[in-house]
Peer 1: 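Dropping the structure in here first, questions after.
Reckoned from all heavy atoms, side chains included, excluding hydrogens, waters and symmetry mates. By convention in this document, chain letters (A, B, ...) are assigned in the order of the sequence lines, proteins followed by strands, and residues within each chain are numbered from 1.
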There are 2 protein chains.
Amino acid sequence: MSIRHGLLALLERGQMYGYQLRAAFEESTGSTWPLNIGQVYTTLSRLERDGLVRSLPESASGQRPYEITDAGRADLALWFATPISRTDRPRDELAIKLALALTTPGVDVRSVVQTQRTATMRALQELTRLKYSSDNPDDLPWRLVLDAMVFHAEAEVRWLDHCESSLVRHRPPAAGPTPLSEAVGHSGEEARR
Amino acid sequence: MSIRHGLLALLERGQMYGYQLRAAFEESTGSTWPLNIGQVYTTLSRLERDGLVRSLPESASGQRPYEITDAGRADLALWFATPISRTDRPRDELAIKLALALTTPGVDVRSVVQTQRTATMRALQELTRLKYSSDNPDDLPWRLVLDAMVFHAEAEVRWLDHCESSLVRHRPPAAGPTPLSEAVGHSGEEARR
DNA sequence: CGGAGTATGCATACCTGGTATGCGGACCGC
DNA sequence: GCGGTCCGCATACCAGGTATGCATACTCCG
């Protein structure tokens, strides 16, 4: 429900139409998360259906602007006043992956951890590069979004190291080959049955 | 695509049918993320459509077990060998919310930050309580999943504090009332147009 | 025994977020 | 004026996910 409230917040600034909304949304987070234009229209029509937004007559140039209603303002205020709870966050794909790797036969968990760690470190470097090569150091929202990603990436690296040491403590280092990894590259042989 | 590969990994252990798969999936992460039964069946049929899985004839008691194919094994190995990149993660709803709060008129950003911080700290306490009141200290996958959530929550608190101090540096403390917050509770007055 | 209640395996309908594509008008260059 | 291309907008469709329906089978009684 992030986009729904995001559009509402933008409309709180004043009337806007579809493309303006997309541009404003992407700009407000420094184009970190792109927003599909089709999604904007479907979300707008749902917002109108729910009475949180009202569509205005088309302008001369054909754009259909929307404005927020009082009900929409109330919903928006409620959103800002309500913390995001742990239960309504998306699944942590990395955690699931590692948990499954631990119980799947033939998987070298250590190399999964190391591969991920390398990738995350690379992302972290890219983020700090972005942070300091910025040409708009006064864009506070964008800087905070970037910081959020840095903090998350750092936590992920710490967690991966923690996994590594837990593995050393609880699992004997593997001796034999890792059967599953040999299956890569033979895809499709069975699929065409 | 997390569930897709999750089910594949479970089938790598051996043949299983729908309910077994759901139970195994939930158990492997300590029932942290529930999995809907309907999702299991739709995902299984898509996996079969894509040749990664093969359905076996119904057993006498009516269950239809599935087994992984060689193509499925290859796909699974590829998944384990490929790190999760920053770009295919879901949107960070909290970061978006705060970025929007900064540019939405009439929003008290400080109170948004504080409300979230309180909620996250509470979640953190709950997590540590869970961690130490565990009756199965040898369940390594579950412990690591729990640790992942702890690390994320800690990073979130740090980030919120960072936002707080950035706000103090860059924004003068608000003086007037916060108009938007007064709209709460009047929802619907305009909706019935 | 028989019938109500309940758990289980399975299937379907539907909602939501998202991408790809179609379409008409405005603004070019020539 | 005419073809191209960009823009604002809309539609169709797909995938992931939840809620719900629906049989069968099992249990627990009177």
Side-chain angles (χ1 to χ4, degrees), chain A residues 1-8 10-11 15-27 29 31-50 52-53 55-66 75 79 87-93 96-97, chain B residues 1-8 10-11 15-27 29 31-53 55-66 75 79 84 87-93 96-97:
Chain A
M1 282 283 198
S2 180
I3 288 157
R4 214 178 144 91
H5 288 114
L7 295 190
L8 265 189
L10 293 173
L11 286 174
Q15 302 175 5
M16 296 179 107
Y17 55 86
Y19 265 59
Q20 282 181 316
L21 282 168
R22 179 176 74 162
F25 183 92
E26 294 191 345
E27 194 214 327
T29 57
S31 307
T32 305
W33 293 289
L35 179 56
N36 188 282
I37 183 60
Q39 190 58 29
V40 175
Y41 294 112
T42 51
T43 303
L44 277 175
S45 59
R46 281 195 280 261
L47 282 171
E48 187 172 23
R49 175 199 62 189
D50 298 342
L52 308 184
V53 131
S55 75
L56 301 170
E58 280 193 8
S59 75
S61 47
Q63 297 102 325
R64 192 148 52 99
Y66 284 81
D75 192 73
W79 183 55
T87 56
D88 49 43
R89 305 204 191 215
R91 270 186 262 271
D92 183 344
E93 175 145 6
I96 291 176
K97 187 170 168 177
Chain B
M1 281 281 198
S2 181
I3 287 155
R4 213 177 144 92
H5 288 115
L7 296 190
L8 266 189
L10 293 173
L11 286 174
Q15 301 175 6
M16 296 179 108
Y17 54 86
Y19 263 57
Q20 282 181 315
L21 282 167
R22 179 175 74 163
F25 182 92
E26 294 191 345
E27 193 213 328
T29 58
S31 306
T32 305
W33 294 288
L35 179 56
N36 189 282
I37 182 60
Q39 190 59 28
V40 175
Y41 294 112
T42 51
T43 303
L44 277 175
S45 59
R46 281 193 280 260
L47 282 170
E48 187 171 25
R49 176 198 64 191
D50 299 342
L52 307 184
V53 131
S55 74
L56 301 169
E58 279 193 7
S59 76
S61 48
Q63 298 102 325
R64 190 149 51 101
Y66 285 80
D75 192 74
W79 183 56
I84 293 173
T87 56
D88 48 43
R89 305 205 190 211
R91 270 186 262 272
D92 182 344
E93 175 146 5
I96 292 176
K97 187 170 167 176

Peer 1: Calculate the interatomic distance between B:Gln63 atom CD and D:dA25 atom P; express it in whole Å.
Peer 2: 11 Å
Peer 1: Tell me whether the side-chain N/O atoms of A:Asn36 come closer than 4.0 Å to OP1 or OP2 in C:dT19.
Peer 2: yes
Peer 1: Less than 4.5 Å apart, any side-chain heavy atom of A:Tyr17 and any of A:Leu56?
Peer 2: no
Peer 1: Could you state the atom-to-atom distance from CD of B:Glu26 to C1' of D:dG17 in whole Å?
Peer 2: 14 Å
Peer 1: Below the 4.0 Å mark, does D:dC9 have OP1 or OP2 next to a side-chain nitrogen or oxygen of A:Tyr19?
Peer 2: no
Peer 1: Under the salt bridge (charged side-chain N to carboxylate O under 4.0 Å, His left out) rule, collect the residues that match up with B:Arg46, sequence neighbours excluded.
Peer 2: none
Peer 1: Output a table of nitrogen or oxygen pairs between the protein and nucleotides 10-12 of chain D separated by less than 3.5 Å.
Peer 2:
from   : atom 1 : to      : atom 2 : distance (Å)
D:dA10 : OP1    : A:Arg64 : NE     : 3.3
D:dA10 : OP1    : A:Arg64 : NH2    : 2.5

Peer 1: Please enumerate all residues that pass side chain to side chain contact (heavy atoms under 4.5 Å, CB included) together with A:Arg64, with sequence neighbours excluded.
Peer 2: A:Ser55, A:Glu58, A:Tyr66
Peer 1: With sequence neighbours left out, write down each residue that passes side-chain hydrogen bond (donor to acceptor under 3.5 Å, both in side chains) with A:Gln15, or none if nothing qualifies.
Peer 2: A:Glu67
Peer 1: Is A:Arg22 near enough to D:dC9 that one of its side-chain N or O atoms lies under 4.0 angstrom from OP1 or OP2?
Peer 2: no
Peer 1: When you match B:Pro34 and B:Arg49 each to their closest nucleotide on DNA chain D, which lands nearer the 5' end?
Peer 2: B:Arg49
Peer 1: Give the rounded distance in Å between these two atoms: CG of B:Leu44 and P of C:dC10.
Peer 2: 9 Å
Peer 1: Just the rounded figure in Å: distance from P of D:dA15 to CG of B:Leu7.
Peer 2: 16 Å
Peer 1: Among D:dG8, C:dG18, D:dG16, which nucleotide has an atom closest to any side-chain atom of A:Tyr17?
Peer 2: D:dG8
Peer 1: Measure the distance from CG on B:Leu21 to P on C:dA11 and round it to the nearest whole Å.
Peer 2: 14 Å
Peer 1: Can you measure B:Arg4 atom CZ to D:dC14 atom P for me and round it to whole angstrom units?
Peer 2: 15 Å
Peer 1: Cation-pi check, A:Arg22 to A:Tyr19: give yes when NZ or CZ is under 6.0 Å from the six-membered ring centre and within 45° of the ring axis, no otherwise.
Peer 2: yes
Peer 1: B:Arg91: what forms a salt bridge (charged side-chain N to carboxylate O under 4.0 Å, His left out) with it, not counting sequence neighbours?
Peer 2: none
Peer 1: Mapping B:Gly18 and B:Arg91 onto DNA chain C by nearest heavy atom, which one lands closer to the 5' end?
Peer 2: B:Gly18
Peer 1: Using whole Å, report how far CZ of B:Arg46 lies from C1' of D:dG16.
Peer 2: 6 Å
Peer 1: Among residues at least two apart in sequence or on other chains, which ones pass side chain to side chain contact (heavy atoms under 4.5 Å, CB included) with B:Glu27?
Peer 2: none
